Protein chains: 2
Amino acid sequence: MPRAGLTPERVVEAAAELADEIGLDQVTVSAVARGFGVKDASLYAHVRGLSDLRSRLATASAAAFADRINTALAGRSGHEALAAFAQAYRTFAVHHPGRYAATQLALPAETLEASPGHRRLVELTYALFLGYDLAEPDRTDAVRLLRSTLHGFAALEAAGGFGAPRDLDASWARMIEALHALLTRWPPAPPSATLSP
Amino acid sequence: MPRAGLTPERVVEAAAELADEIGLDQVTVSAVARGFGVKDASLYAHVRGLSDLRSRLATASAAAFADRINTALAGRSGHEALAAFAQAYRTFAVHHPGRYAATQLALPAETLEASPGHRRLVELTYALFLGYDLAEPDRTDAVRLLRSTLHGFAALEAAGGFGAPRDLDASWARMIEALHALLTRWPPAPPSATLSP
DNA sequence: ATGAATTGCCTAGGAGTCCTAGGAAAGATT
DNA sequence: AATCTTTCCTAGGACTCCTAGGCAATTCAT
């Protein structure tokens, strides 16, 4: 009875590869076990269960994602930084759809705070905005706009939601240019109604 | 043995309500059957199976969604139309998270083309852009930007992805204003490298 | 080197899910 | 009233998650 050499790390790594191949929600304890040529019950010695596996997959994927973003951002600022960020973002989402989906899993707040990858992603995103002259709360609004657009595009692309014949790469490039233009000329807040009696 | 009065429509309606309550991916044939006080096998007389149920739920939800958008858009154009569209979009996504998620399910192309709701959503989105002076391919790029932003925000909000204390309604309003500004002054395409030898 | 302790993977089994096949009863039709 | 159709049932197979307890492979202590 030879051993497969399972560890929590290898189980999570296998789950990550499986997620990229067959989709995150097709990743089951049984399927990962099959990949090791092992019975499903054997995995429970290394991982508490499916939700634990998904949670570990989420933090591992976020760390990998943050790494790519970090590398892309190194030494760049302003428009260059935004373009590199967006490029790295979409590349990761396209090449690692399962891992990308895992980074978007809704986790308990304390798990999220204990995940270096997730924290780093937030830091890197805000660092990107040092290149734009935005004060709070405009900065947070702008961050939310950028995050929404990048994630929305990735989600729609993954779901095959873009039907028009127009090339996706070209659309993506133009969108990023447009966002850059918007961030450099963020419209001022309209006068608040409560201040004019 | 009294009958529950099942029809495909009522099954789909029950599935839609369940999806809004417990989440789309918690909707199972068994759970819907339980809601009717009926065995799971009984549903297979009305729906071919889980994937058929999800497909029907997607088209029904898209129709409902298109209805709200349509109502919001009636008689409006330009900035007003965009604001009403965005408002209706987010309201639906927040109040009907399961149905909204169903509208984003990846369906086979022929199913999508046969779904009036999905078609109507595309039409309404392009109608919105009559108020902006954009020629192809810029229009498609702009449509993709808007769709990405709206869907991304809805997805991140549903997943609890916005941690900052800043009010979500306020961010949403500012984002829509910013997008309006962007659409009215869409940056021109950069000179193509292939045209300058 | 040999016995003990630990660790890794196993079998067995319960509960829930999707789905099929065939049976019985409620309601509609003639 | 008799027949037919529709609706819902029971029974059961395959797959999932997960627990409990057992045997074997490895490591550790003597």
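A quick note: this is a predicted structure, and the numbers were derived from the prediction, not measured. Letters go in sequence order (proteins before strands), and every chain restarts at 1.
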* Taking only the side-chain heavy atoms of A41(B) (C-beta and beyond), determine which of dC9(C), dT11(C), dA11(D) contains the nearest atom. => dA11(D)
* **Straight-line distance of L73(A) CG to R76(A) CZ, nearest 0.5 Å** => 8.5 Å
* Asked: Is any side-chain heavy atom of E21(B) closer than 4.5 Å to a side-chain heavy atom of L18(B)?
  -> yes
Report the distance from atom [atom1] of [X] to atom [atom2] of [N], rounded to the nearest whole Å.
X: L53(B); N: dT17(C); atom1: CG; atom2: C1'; answer: 14 Å
X: D52(A); N: dC17(D); atom1: CG; atom2: C1'; answer: 14 Å
X: K39(A); N: dG21(D); atom1: NZ; atom2: C1'; answer: 17 Å
X: L43(B); N: dC19(C); atom1: CG; atom2: P; answer: 11 Å
X: R54(B); N: dC19(C); atom1: CZ; atom2: P; answer: 11 Å
X: H46(A); N: dG8(C); atom1: NE2; atom2: C1'; answer: 6 Å
X: F36(A); N: dC10(C); atom1: CZ; atom2: P; answer: 12 Å
X: R10(B); N: dT6(D); atom1: CZ; atom2: C1'; answer: 15 Å

* Asked: Does any residue of residues 11-23 of chain B have a heavy atom under 4.0 Å from DNA chain C, and if so, which ones, in number order?
  -> none
* Is D67(B) atom CG crowded by more than 12 heavy atoms from other residues, nucleotides or ligands, each under 6.0 Å away? -> yes
* To do: Just do the side chain to side chain donor-acceptor pair (under 3.5 Å) check on T149(B) and T149(A) with the steps written out, would you?
  => CA-CA 4 Å; T149(B) 307; T149(A) 307; 2.8 Å; yes
* Would a distance-only check, ignoring hydrogens and angles, find a side-chain to backbone donor-acceptor pair under 3.5 Å from H95(B) to T91(B)? -> yes
* Asked: Quick one: does E80(A)'s side chain have a donor or acceptor within less than 3.5 Å of a partner on A84(A)'s backbone?
  -> no
* **Full working for salt bridge (charged side-chain N to carboxylate O under 4.0 Å, His left out) between R139(A) and E136(A)** => CA-CA 5 Å; R139(A) 186 184 337 184; E136(A) 293 295 352; 3.8 Å; yes
Which atoms of nucleotides 14-16 of chain D (N or O only) lie under 3.5 Å from a protein N or O atom, and what are those distances?
{"residue": "dT16(D)", "atom": "OP1", "partner": "R34(A)", "partner atom": "NH2", "Å": "3.2"}
{"residue": "dT16(D)", "atom": "OP2", "partner": "R34(A)", "partner atom": "NH1", "Å": "3.3"}

* Asked: Using the ring of each side chain (for Trp, its six-membered ring), is F92(B) parallel, tilted or perpendicular to Y100(B), with breaks at 30° and 60°?
  -> perpendicular
* **Derivation and outcome, ring-ring contact (aromatic ring centres under 6.0 Å, His included), residues H151(B) and Y89(B)** => CA-CA 9 Å; H151(B) 173 54; Y89(B) 192 106; 7.7 Å; no
* **Short side-chain N/O contact to dC9(D) OP1/OP2 from S42(B), under 4.0 Å** => yes
